[in-house]
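See below for the structure under consideration.
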Amino acid sequence: MTTIERIKIIETSCKQVGRGVFFSTLIIVASFLPVFLLEGQEGKLFGPLAWTKSFILAIDAILAVTLAPVLISFFLKGKLKTDEHNPLNRFMERVYRPVLNWCIHWRKTTIGINLLALTISVPLLLSLGSEFMPPLDEGTILFMPVTLPDVSNAQAKQLLQVQDRIIKSVPEVKNVLGKAGRANTATDNSPISMVETIILLKPKNEWRKGLKKEDIINELNAKLQIPGVVNGWTQPIINRINMLSTGVRTDVGLKVYGQNLDTIYALSSRMKQALQGINGVKDLYVDPITGGKYLDIQIDKEAIGRYGLSVDDVNQVVESALGGMSITPTIEGRRRFSVNLRLAQDYRNNLDQIKRTLVQTPANGPVPLSSVAAIKINDGPAMIQSENALLRGTFLFNVRDRDLGGTVKEAQEKLNSMVKTLPKGYFMEWSGQYENLIRAERTLKLILPIVLLIIFACLYFAFHSIREAFFSLISIPFALIGGAYMVYFFGVHLSVAVAVGFVALFGIAVETGIVMVIYLNDAMAQLVALKGNSNETITREDLRIYVMNGAIKRLRPKLMTVSVALFGLVPVLWSTGTGSDVMQPIVLPMIGGVLTSSTHILLVTPLIFLMVKEYELKKYGKLEVLDVKE
């Protein structure tokens, strides 16, 4: 073979697949459009994946039609051997030919098996639970118990010490650090009644045999059942994300809006009672709107009149003894601090001591504060929360051992009757991770039909045939079969990560289908060139032979396309460590879908193609041969 002949073969081959490569790349990029439009947490997490893959594909498409042919012309030299010289290729063809021949012979059975598998996959998908994101194991546990709003500093300190000792008694715990209250900053509004304890765990190889992180949490939760304390279990990073994005520190929150704090708290408590016992609902807790303890000092104006005192005289004593009176500022470098004066804690830590606080009178000497004022402790709002100019209460719970969507759906069914009887001016709103789940589902449902239309348009421009574009698009639902089976048998819930995996699968399935259709049309072009384009010269047996040859003789590039995808994805199934629990839900539908879509494309696509060509030859007397080489 001369150099000119070799270059001519390379040029013809590159033209044959050039259009397919370009439109396959365009279709894969278009399939990632829903990922680009995701918002919030899911958009920040999967956006870089979509951009990276799109840029790589764009560069890959350019190199495939420019640099690759040049490199092939440099390295593809010497004696060229056909596919028959490759023992692996001979073996694969020897297996593939009788299977494909059987599928073509038993047409109805083949199509029926595929439709049955597709039909079974639909209820499998519908039976799966749903969640916003797969739980990412951060390697650390955040224990967030909440006690009564009127807890004192001493009680909170004692509670913190007791909890830390109990937590440290579990063998898998390496270190534990708890804090109550908040730092001196406006960004942390945690009350003294809310404790945050970070639990660092030992490496997993030092855990007791067969123990999981969920088992450790359940063991800790059982040991930390302290009266007056409601336990809450989460992780540090996801807790901060939840609080920043939704204002709710648990997986699910139910915000109750209204005009009266007592009514809001009563409604929240009724909802808590209604959801008791629902499978998956854990750490039930109502944010205490009321229950804060306030020292109420009501000045007796008749009494202060008898003693010759004014209201300001009594208020000054209360300020200097209890609240703290500003005496002078102190300057330390560029910082200024106010020096306040008040009684020591021993003289103001109980009601009797406060009542004995002395008030100096003009004529009668010092008298106790209780003689000129009524002093008592009243209940009031512990923390007033508002949103959209309305008072707000929150009912919180976490979801464990069950999917988020199914748990919230059952909770909504339980609360439907209560919603109808809410007082006028009161309403409730679901928040937390469920709020993010609804937003992501709405985005995906809105954009997926548009993506399918874009993919169909790309296929039409690739083949210039609506029929061929439609048959190439058929591979998408059959790709879902393997994806649905893999997700179901691995016990993974539907989430944004799984949706991203299915989105990536769409592009891979259509790409493989385009390669098959290109080779089948090339076989039809060879048949027409040999026997002419007429039903008088072309028989059904000729069609069968050339469709078989078009599918079998190009088996290697199609298997290579599938194998490259699998070799890059399968190792993720055995990955461990932080991040693997998010990556696995992405690759599971891709692995299963690549297997079933490639099987469909290798066995069913030639069958459908053959049936279409037989119909064309019978109805029109000739074949529609597509020009897919340029």
Side-chain angles (χ1 to χ4, degrees), residues 145-161 177-197 243 261 287-386:
V146 182
T147 184
L148 299 176
D150 57 351
V151 64
S152 66
N153 290 350
Q155 290 173 322
K157 181 180 179 181
Q158 182 184 7
L159 176 65
L160 200 62
Q161 293 172 341
L177 174 64
K179 69 108 174 163
R182 65 176 183 232
N184 187 20
T185 171
T187 60
D188 187 359
N189 62 347
S190 303
I192 192 69
S193 59
M194 188 169 73
V195 176
E196 294 183 1
T197 302
M243 295 182 72
L261 292 176
D287 250 347
I289 300 176
T290 58
K293 302 300 182 182
Y294 291 86
L295 180 63
D296 191 4
I297 301 177
Q298 297 286 342
I299 298 176
D300 187 345
K301 293 185 179 180
E302 292 184 1
I304 64 175
R306 289 194 300 270
Y307 288 111
L309 296 171
S310 66
V311 173
D312 288 341
D313 295 333
V314 180
N315 284 340
Q316 189 174 8
V317 172
V318 172
E319 180 186 6
S320 59
L322 305 177
M325 178 178 289
S326 179
I327 303 300
T328 181
T330 178
I331 302 175
E332 298 181 10
R334 295 179 60 85
R335 296 181 296 174
R336 295 172 178 265
F337 301 94
S338 175
V339 178
N340 295 337
L341 177 67
R342 63 177 177 178
L343 295 179
Q345 188 170 355
D346 292 340
Y347 294 96
R348 53 183 173 84
N349 60 358
N350 63 67
L351 195 60
D352 291 334
Q353 291 284 0
I354 294 173
K355 288 181 178 179
R356 289 196 290 268
T357 302
L358 298 179
V359 180
Q360 186 67 38
T361 62
N364 300 293
V367 297
L369 181 61
S370 58
S371 63
V372 294
I375 306 172
K376 58 183 178 179
I377 295 178
N378 292 332
D379 289 335
M383 183 184 295
I384 299 177
Q385 297 178 339
S386 63

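Keep in mind that the numbers below use all heavy atoms, side chains included, and drop hydrogens, waters and symmetry copies.
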Side chains of [X] and [Y], heavy atoms from C-beta outward: is any pair under 4.5 Å?
X: Asn315; Y: Ile299; answer: yes
X: Leu160; Y: Thr197; answer: yes
X: Pro329; Y: Ser338; answer: no
X: Tyr294; Y: Ile377; answer: no
X: Val317; Y: Thr357; answer: yes

[X] and [Y]: which non-hydrogen atoms are nearest, and at how many Å?
X: Met325; Y: Ser320; value: CE-CB, 3.8 Å
X: Tyr307; Y: Pro362; value: O-CD, 3.4 Å
X: Ala180; Y: Val195; value: CB-CG2, 4.2 Å
X: Leu343; Y: Arg348; value: O-NE, 2.8 Å

How long is the gap from [atom1] on [X] to [atom2] on [Y], to the nearest 0.5 Å?
X: Leu295; Y: Asn378; atom1: CG; atom2: CG; value: 9.0 Å
X: Ile375; Y: Leu369; atom1: CD1; atom2: CG; value: 3.5 Å
X: Leu341; Y: Ile327; atom1: CG; atom2: CD1; value: 4.5 Å
X: Lys301; Y: Ser310; atom1: NZ; atom2: OG; value: 11.5 Å
X: Asp313; Y: Gln360; atom1: CG; atom2: CD; value: 10.5 Å
X: Leu309; Y: Gln316; atom1: CG; atom2: CD; value: 11.5 Å

Tell me if the CD atom of Gln158 is crowded by more than 12 foreign heavy atoms within 6.0 Å.
no
Does Tyr347, at its OH atom, have more than 12 non-hydrogen atoms belonging to other residues, nucleotides or ligands within less than 6.0 Å?
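No.
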Partners of Gln353 by side chain to side chain donor-acceptor pair (under 3.5 Å), sequence neighbours excluded?
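Once residues adjacent in sequence are excluded, Gln353 has no partner under the side chain to side chain donor-acceptor pair (under 3.5 Å) criterion.
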Any donor-acceptor pair under 3.5 Å linking the side-chain atoms of Asp300 with those of Gln298?
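No donor-acceptor contact under 3.5 Å links the two side chains.
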